[in-house]
Amino acid sequence: MVNNKKLISGFNLVLFAIILLYGYGYLFLGAYFSHPNAEDLSLSVNAKNHGILYSVINVLVNYDGRYFTNILQAVNPISLGCINCYKYITLFSILLPVFCLSFFLRSISNTLKFIPSILLSSLFVLVNYAISPSIVHQVYWMSSSFVYHYSWCFYLLWVGSFFLFLKKKGKTRKHTWYILSTVLMICNMGMNEMFLALNVITIVCGFFYIFNYYRANLLLFWSFAVNGLVAILFFISNPGISKRFNSLNDSPIDVIPTLINSTVDFWLELIQFASYGAILLPTIILFFIHFIWDLEANQKLLRYLISIPFITLYISTLAFYFPMGFQANVPSRVYTVVFFGFLLYCTLVIPLIVQVKTKDLLKTKLPKHKSTISFICLIIIAGSIIFMDNNIGLLQEEYHSGKIETFNTSSTTRYTIINETLKKSNSCWSVAVLPPLTNTPTTIYHQPDIKPNRAESYWNQAYERYFLLNEVRLIGDTLLLLEHLQNDKLQ
């Protein structure tokens, strides 16, 4: 029996490795062929040409209040002029949540070791990427990823640090984790308006938790809460928010239709999320038997855990719908955030409730069948990722069809033309004529891009300002910028 258990455990490790190698192999392949779009360049160009401080202030004054996201857009390798570093940014974005979730899991557990936490987190993140409503918004589009993907990473970091602050005994250690959690929380407040609601509700729940179980920390908690309030006030007081809102809305938002629209979208996406049950259920079971089973749960908290996280996810979407509620389509970028939250709810909250209700019933049976259950779950997950429709399969399809490599060739050709133009820029008017990007892969690239005949000239300007060229246009354009400027002067 012991030998059978060891054999199954060995099979489980091999199977787990195959799942991760297959899934992350295609994710990394996508990263290798990824390139920035015009918006990535436009949001990095001020930092590149005028410095980080100017870039951050300019966006806060003219566009939004996401102060920490704006810092990320100003300090990334693209803003330093390294276009070829974009693939490394994407690679980092793919791996970052693995380590953030691993840290969070170990912060709430007293028994989970580093390697098991990394394995569970890797599986969670892979499943999330497989079912994401828009993987390009999540990891392959840099400026979108900073808003909709990194926000969860920093949330997990600050909440995990806060748990460690509560659990640590030594004064130095407690204060270190307190300061770190405060800094990370302030960063998270300035990343995505959806996380303002999520963070506020988390802090309020934290108050009741501390009041009941860690009352000696209340004084420090009030300082923490005040820092959060100041961060929110700074976020919403930036003039860029009102300027952007006014540019998008000519008339006031209708509250009731917007609430109805947001509620319908939320439930439609919840149904879409549930449609991935074949991959979700075995993932939930694995978290249950390898992580949740060893947690000590407080039964009094369960009634709050059932509803509050779920309601909070819905409330967070309203930060998008009220300023942008006129949009007809479901905003897939917003639901990348929600799907990550759904998955956290399914792998942490639901199993914890089941654990409390069934621990006495299963305490003798589960340890005996742990390896066998894990094997069955891993087989189902492997089959679901390989054979079901999901983003990993779509990456595979777009790569083997040649679409990804064609996109990569077109993008590198553009950079070659630009570099050759810069080398020959002895004339007073430097012009780079670029090939259009056609039939682009949906997994690793998303608009905006240069339009024919400067139809949206600010994307031409993004290339011109970033590469310090007088004019960038597409092959076949009949509108020439120099002639256009000369005609304007003559008139």
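The basis for the numbers below is simple: all heavy atoms, side chains too, and nothing from hydrogens, waters or symmetry mates.
Between the OG atom of Ser181 and the CG atom of Leu157 there is a distance of 11.0 Å, given to the nearest 0.5 Å. For the atom pair CZ of Phe291 and CG of Leu105, the computed distance is 4.5 Å after rounding to the nearest 0.5 Å. Expressed to the nearest 0.5 Å, how far CE of Met189 lies from CG of Asn199 amounts to 4.5 Å. For the atom pair CD1 (Ile308) and CD1 (Ile315), the distance works out to 10.0 Å, reported to the nearest 0.5 Å. Expressed to the nearest 0.5 Å, how far CH2 of Trp158 lies from CG of Asn188 amounts to 8.0 Å. To the nearest 0.5 angstrom, Ile135 atom CD1 is 13.5 Å from His446 atom NE2.
When side chains are defined from C-beta on, Val338 does not count as touching Glu269, because their heavy atoms never get closer than 4.5 Å. A heavy-atom distance below 4.5 Å is found between the side chains of Tyr129 and Ile94. Residues Arg465 and Asn46 are in side-chain contact: their nearest non-hydrogen atoms beyond the backbone lie under 4.5 Å apart. The side-chain heavy atoms of Phe339 and Ser132, taken from C-beta on, include no pair separated by under 4.5 Å. Under the 4.5 Å side-chain criterion, counting only non-hydrogen atoms from C-beta, Asn439 is not in contact with Thr406. At a threshold of 4.5 Å between non-hydrogen side-chain atoms, the residues Thr336 and His149 do not count as touching. Contact of the Asp64 side chain with the Val59 side chain is registered, since non-hydrogen atoms from C-beta on lie closer than 4.5 Å. The shortest side-chain heavy-atom distance between Leu126 and Leu20 falls under the 4.5 Å cut-off.
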- prompt: Trp459 and Asp449: side-chain contact (heavy atoms from CB on, under 4.5 Å), yes or no, with the steps?
  reply: CA-CA 6 Å; Trp459 302 130; Asp449 189 37; over 6 Å; no
Full working for side-chain contact (heavy atoms from CB on, under 4.5 Å) between Ile131 and Asn391: CA-CA 6 Å; Ile131 68 174; Asn391 292 318; 5.9 Å; no
- prompt: side chain to side chain donor-acceptor pair (under 3.5 Å) between Tyr445 and Glu398: does it pass, once the steps are laid out?
  reply: CA-CA 11 Å; Tyr445 184 79; Glu398 292 194 326; over 6 Å; no
- request: Begin with the C-alpha distance, continue with both residues' side-chain angles, and end with the deciding distance and a verdict on side-chain contact (heavy atoms from CB on, under 4.5 Å) for Met142 and Leu72.
  value: CA-CA 10 Å; Met142 182 189 74; Leu72 292 177; over 6 Å; no
- request: Using the side-chain contact (heavy atoms from CB on, under 4.5 Å) rule, take Ile404 and Tyr32 through it: C-alpha gap first, then chi angles, then the decisive distance, then the call.
  value: CA-CA 10 Å; Ile404 285 178; Tyr32 181 79; over 6 Å; no
field: CA sep, side-chain torsions, deciding dist, call: Arg454, Glu464, salt bridge (Lys or Arg N to Asp or Glu O under 4.0 Å)
entry: CA-CA 12 Å; Arg454 301 184 75 88; Glu464 288 157 2; 2.7 Å; yes
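When only modelled atom types and interatomic distance are considered, Tyr321 and Asp265 share a side-chain donor-acceptor pair under 3.5 Å. Using modelled atom types, one finds a donor on one side chain and an acceptor on the other under 3.5 Å when comparing Ser117 with Ser102. In summary, the side chains of Asn128 and Gln138 do present a donor paired with an acceptor at a separation below 3.5 Å, with no hydrogens or angles considered. For the 3.5 Å distance criterion, the side chains of Glu39 and Tyr458 fail to qualify, holding no donor opposite an acceptor. Defined by atom type and a distance below 3.5 Å, a donor-acceptor pair is missing between the side-chain atoms of Ser145 and Tyr150. Judged by distance alone, the side chains of Arg333 and Ser134 never bring a donor and an acceptor atom under 3.5 Å apart. No side-chain donor from either of Arg473 and Asn453 sits under 3.5 Å from a side-chain acceptor of the other. Defined by atom type and a distance below 3.5 Å, a donor-acceptor pair is missing between the side-chain atoms of Asn58 and Asn70.
For the pairing with Ser34, the side chain to side chain donor-acceptor pair (under 3.5 Å) check across Thr443, Asn408, Thr90 returns one residue only, Thr90. The ring-ring contact (aromatic ring centres under 6.0 Å, His included) with Phe340 is formed by just one residue from the set Trp152, Phe273, Phe195; it is Trp152. With His35 as the fixed residue, the ring-ring contact (aromatic ring centres under 6.0 Å, His included) test singles out one of Tyr140, Trp141, Phe407: Phe407. When Phe266, Tyr314, Tyr276 are each tested for a ring-ring contact (aromatic ring centres under 6.0 Å, His included) with Phe342, only one passes: Phe266.
Annotation for Phe310: atom CZ counts as buried by contact number, over 12 foreign heavy atoms lying within 6.0 Å. Counting non-hydrogen atoms of neighbouring residues, nucleotides and ligands closer than 6.0 angstrom, the OH atom of Tyr88 reaches no more than 12 such neighbours. Counted within 6.0 Å of CZ on Phe11, heavy atoms from surrounding residues, nucleotides or ligands total 12 or fewer; the atom is thus considered open.
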Under 3.5 Å donor-acceptor pairs involving side-chain atoms of residues 373-387, not counting sequence neighbours:
| from | atom 1 | to | atom 2 | distance (Å) |
| --- | --- | --- | --- | --- |
| Ser374 | OG | His290 | NE2 | 2.7 |
| Ser374 | OG | Lys370 | O | 2.8 |
| Ser384 | OG | Ala278 | O | 3.4 |
| Ser384 | OG | Ile380 | O | 2.8 |

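Under 4.0 Å is where a charged nitrogen must lie from a carboxylate oxygen, and between Glu420 and Arg414 no such pair does. For the pair Lys451 and Asp477, the salt-bridge criterion is not met [side-chain N within less than 4.0 Å of a carboxylate O].
Applying the side-chain hydrogen bond (donor to acceptor under 3.5 Å, both in side chains) test to Tyr86 and every residue at least two apart in sequence or in another chain returns Asp40.
The nearest pair of heavy atoms linking Leu348 to Ile292 is O-CD1, 3.6 Å. When all heavy atoms of Ser107 and Gly160 are compared, the closest pair comes out as OG-CA, 3.2 Å. Summarising the geometry of Val472 relative to Leu469, their closest heavy-atom pair is CG2-CD1, 3.8 Å, with the distance given to 0.1 Å. Considering all non-hydrogen atoms of both residues, Ile236 and Ile241 come closest at CA-CD1, 3.6 Å. Here the closest non-hydrogen pair linking Tyr67 and Ala231 is OH-CB, 3.4 Å. Residues Pro309 and Val349 approach most closely at CG-CG2, 4.4 Å, considering heavy atoms.
Aromatic ring centres of Phe154 and Phe68 lie closer together than 6.0 Å.
Judged by distance alone, the side chain of Lys48 and the main-chain N or O of Ile78 form no donor-acceptor pair under 3.5 Å. Ser55 places no side-chain N or O within 3.5 Å of a backbone atom of Gly51 that could act as its donor or acceptor partner. At distances below 3.5 Å, not a single donor-acceptor pair connects side-chain atoms of Ser79 with backbone N or O atoms of Ser44. The backbone N or O of Ile118 sits nowhere less than 3.5 Å from a side-chain atom of Ser121 that would complete a donor-acceptor pair. In this structure, Thr440 contributes its side chain and Leu437 its backbone to no donor-acceptor pair below 3.5 Å.
By the 6.0 Å and 45° rule, Lys87 does not stack over the aromatic ring of Phe33.
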